[in-house]
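Take a look at the structure below.
Labels below follow one simple rule: chain letters A, B, ... track the order of the sequence lines, proteins then strands, and each chain is numbered from 1. What's counted below: heavy atoms across the whole structure, side chains too, no hydrogens, waters or symmetry copies. Please read these numbers as outputs of a predicted model, since none were measured by experiment.
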Number of protein chains: 2
Amino acid sequence: MTTPTEEDFLRLDHMVCFSLHAASRAFDSVYRVILKRLGLTYPQYLAMLVLWEHGELPVKKIGEYLRLDSGTLSPLLKRLETAGLVRRERSAADERSVTVRLTDEGAALRERALLVPRRIYEATGIGFDELRELHARLDRLTAALDSAALPEEPDAAHR
Amino acid sequence: MTTPTEEDFLRLDHMVCFSLHAASRAFDSVYRVILKRLGLTYPQYLAMLVLWEHGELPVKKIGEYLRLDSGTLSPLLKRLETAGLVRRERSAADERSVTVRLTDEGAALRERALLVPRRIYEATGIGFDELRELHARLDRLTAALDSAALPEEPDAAHR
DNA sequence: CCCAGTTTAGTTGCGCACAACTTAATTGCG
DNA sequence: CGCAATTAAGTTGTGCGCAACTAAACTGGG
């Protein structure tokens, strides 16, 4: 019961990872439907969220909040710029840095986006408290996975 | 406390979806490192799992197990074929259907893949029972999201 | 002061995921 | 029977995510 066999590991591993993958895609799917009328994808919505909160941010900061690198963010932000929701300007102080700012249109979109969370919440069919616990559990899981992933080679190739 | 405000919805929604997204990517990242030496991506590993279990399957069935459509599976399976792990053959009985079979090499890979689950389990840093509960929770969530997603337009466009 | 190393964005290439479409085979209803 | 609807797989196009790389600007130790 509490002493799982190797078989158990095999099965549960598959199930948990698969469930997580499936849940993530299911969420994406619900978001896709809801965000369609805002003209945003889910990752674009996440970027807009941090911009709505902070007004303007360098690309670097957005990447830290969303855990995304420039390879993902650069084209994403370019699409948001094409859509007229943000502007991107080289920082005068440090010309390596690009500051992303909301346009009036981008700021205005927030009003329409305020309805999104409740619709998502309703789609989950789960109580507020349970959702909060799930959140805590997932964050712990991510932290554990992150710390396990990094030290792949402790201090290898040292000669 | 138990009567969340609209603000609470806004925040929690973001947090849960974000956590789920982040956890899924963290898992992908750990899998990527572990599966690298097998020459598989995570979705390819999932496809191999169902083939290891069933020996051979039509593309359709693989899609049902993994919740993936042919737009994703066709190129993925083609890559597995190029790697020499599977063969794809039109079914004689129904020429629309393509049966995917393990090659000897593909079947042999299973031995090396048996170590994967334990390494993943260890990376999660979470107990067996908690993992099992998380799995159940996620499945319930996915089921709820699926049932909420489908009836987007009940019987719309009807005159 | 200067240049080696770091930092910030961006680019390229690959694979996954999905929507929308095409093609070919099969099914079944009139 | 015959043809319209369905089914299975594949194709095309878009966007995300990451690795590996480049380009340009900054930083700091000698």
Side-chain angles (χ1 to χ4, degrees), chain A residues 17-18 21-33 35-36 39-47 57-64 66-83 86 88-100 146 149-150 152, chain B residues 17-18 20-33 35-36 39-47 57-64 66-83 86 88-100 146 149 152:
Chain A
C17 302
F18 187 82
H21 212 69
S24 180
R25 283 192 287 140
F27 250 122
D28 283 359
S29 171
V30 171
Y31 266 109
R32 191 174 305 121
V33 172
L35 291 176
K36 196 173 190 174
L40 294 174
T41 65
Y42 177 56
Q44 287 166 8
Y45 171 70
L46 291 180
L57 282 172
V59 173
K60 182 79 193 314
K61 280 289 177 190
I62 299 177
E64 283 171 11
L66 304 185
R67 292 162 149 277
L68 293 173
D69 67 8
S70 68
T72 300
L73 278 178
S74 288
L76 185 154
L77 293 170
K78 206 178 285 186
R79 281 187 285 273
L80 289 180
E81 186 171 46
T82 302
V86 305
R88 296 180 304 147
E89 294 165 9
R90 286 275 157 195
S91 162
D94 184 343
E95 294 203 353
R96 290 171 304 180
S97 176
V98 166
T99 301
V100 182
D146 280 350
L150 293 178
E152 178 55 17
Chain B
C17 302
F18 187 82
L20 196 63
H21 211 70
S24 179
R25 284 191 289 141
F27 250 122
D28 283 359
S29 170
V30 171
Y31 267 108
R32 190 174 305 121
V33 171
L35 291 176
K36 196 173 191 176
L40 294 175
T41 65
Y42 177 56
Q44 288 167 7
Y45 171 70
L46 290 180
L57 282 172
V59 173
K60 182 79 192 314
K61 279 289 177 190
I62 299 177
E64 284 171 9
L66 304 185
R67 294 162 146 273
L68 293 173
D69 66 7
S70 68
T72 300
L73 278 177
S74 288
L76 185 153
L77 293 170
K78 205 178 283 187
R79 281 187 283 274
L80 289 180
E81 187 171 45
T82 302
V86 306
R88 296 180 305 146
E89 294 165 10
R90 287 272 156 197
S91 162
D94 184 342
E95 294 204 353
R96 290 172 303 180
S97 175
V98 166
T99 300
V100 182
D146 280 350
E152 178 55 17

Selected nucleotide, minimal atom distance to B:R25 side chain, candidates C:dT8, C:dG15, D:dC18: D:dC18
Salt bridge A:K61-A:E64, side-chain N to carboxylate O under 4.0 Å: yes
N/O (side chain, A:R88) to phosphate O (OP1/OP2, C:dG10) under 4.0 Å: yes
Euclidean distance, atom NZ of residue A:K78 to atom P of C:dT8 [Å, nearest integer]: 20 Å
Whichever of A:H21 and A:R90 has its nearest DNA chain C nucleotide further upstream toward 5': A:R90
Sugar-phosphate, base or nothing in reach of A:S74, heavy atoms under 4.0 Å: base
d(CG, B:L76; C1', D:dG10) in whole Å: 14 Å
Touch class at under 4.0 angstrom, heavy-atom based, for B:P75 against every strand present: nothing
Write out a two-atom table: protein N or O, nucleotide N or O from nucleotides 20-28 of chain D, distance below 3.5 Å.
unit_1: D:dC26; atom_1: OP1; unit_2: A:E95; atom_2: N; d: 3.0

Phosphate-side-chain proximity, B:S29 and D:dC18, N/O vs OP1/OP2 below 4.0 Å: no
Sugar-phosphate only, base, or nothing, as touched by B:T41 at under 4.0 Å among non-hydrogen atoms: sugar-phosphate
A:K60 NZ - C:dT7 P separation (whole Å): 8 Å
Sugar-phosphate, base or nothing in reach of A:L68, heavy atoms under 4.0 Å: sugar-phosphate
Interatomic distance where CZ belongs to A:R32 and P belongs to C:dA17 [whole Å]: 11 Å
Ion pair check, A:D94 and A:K60, cut-off under 4.0 Å: no
Any donor-acceptor N/O pair, B:R90 side chain to B:R96 backbone, under 3.5 Å: yes
Parallel, tilted or perpendicular: rings of A:Y45 and A:Y31 (30°, 60°): tilted
Distance in angstrom units between B:L66 CG and C:dG15 P, rounded: 18 Å
From A:R88 atom CZ to A:T99 atom OG1, the distance as rounded to the nearest 0.5 Å: 11.5 Å
Spacing between B:E64 atom CD and D:dA9 atom P, to the nearest angstrom: 10 Å
Whole-Å distance separating the CZ atom of B:F27 from the C1' atom of D:dC18: 19 Å
Separation of A:I62 CD1 from A:L68 CG (nearest 0.5 Å): 10.0 Å
Heavy-atom donor-acceptor pair, A:S29 side chain to A:R25 backbone, under 3.5 Å: no
Distance, rounded to the nearest Å, where B:L77 contributes CG and D:dG10 contributes C1': 11 Å
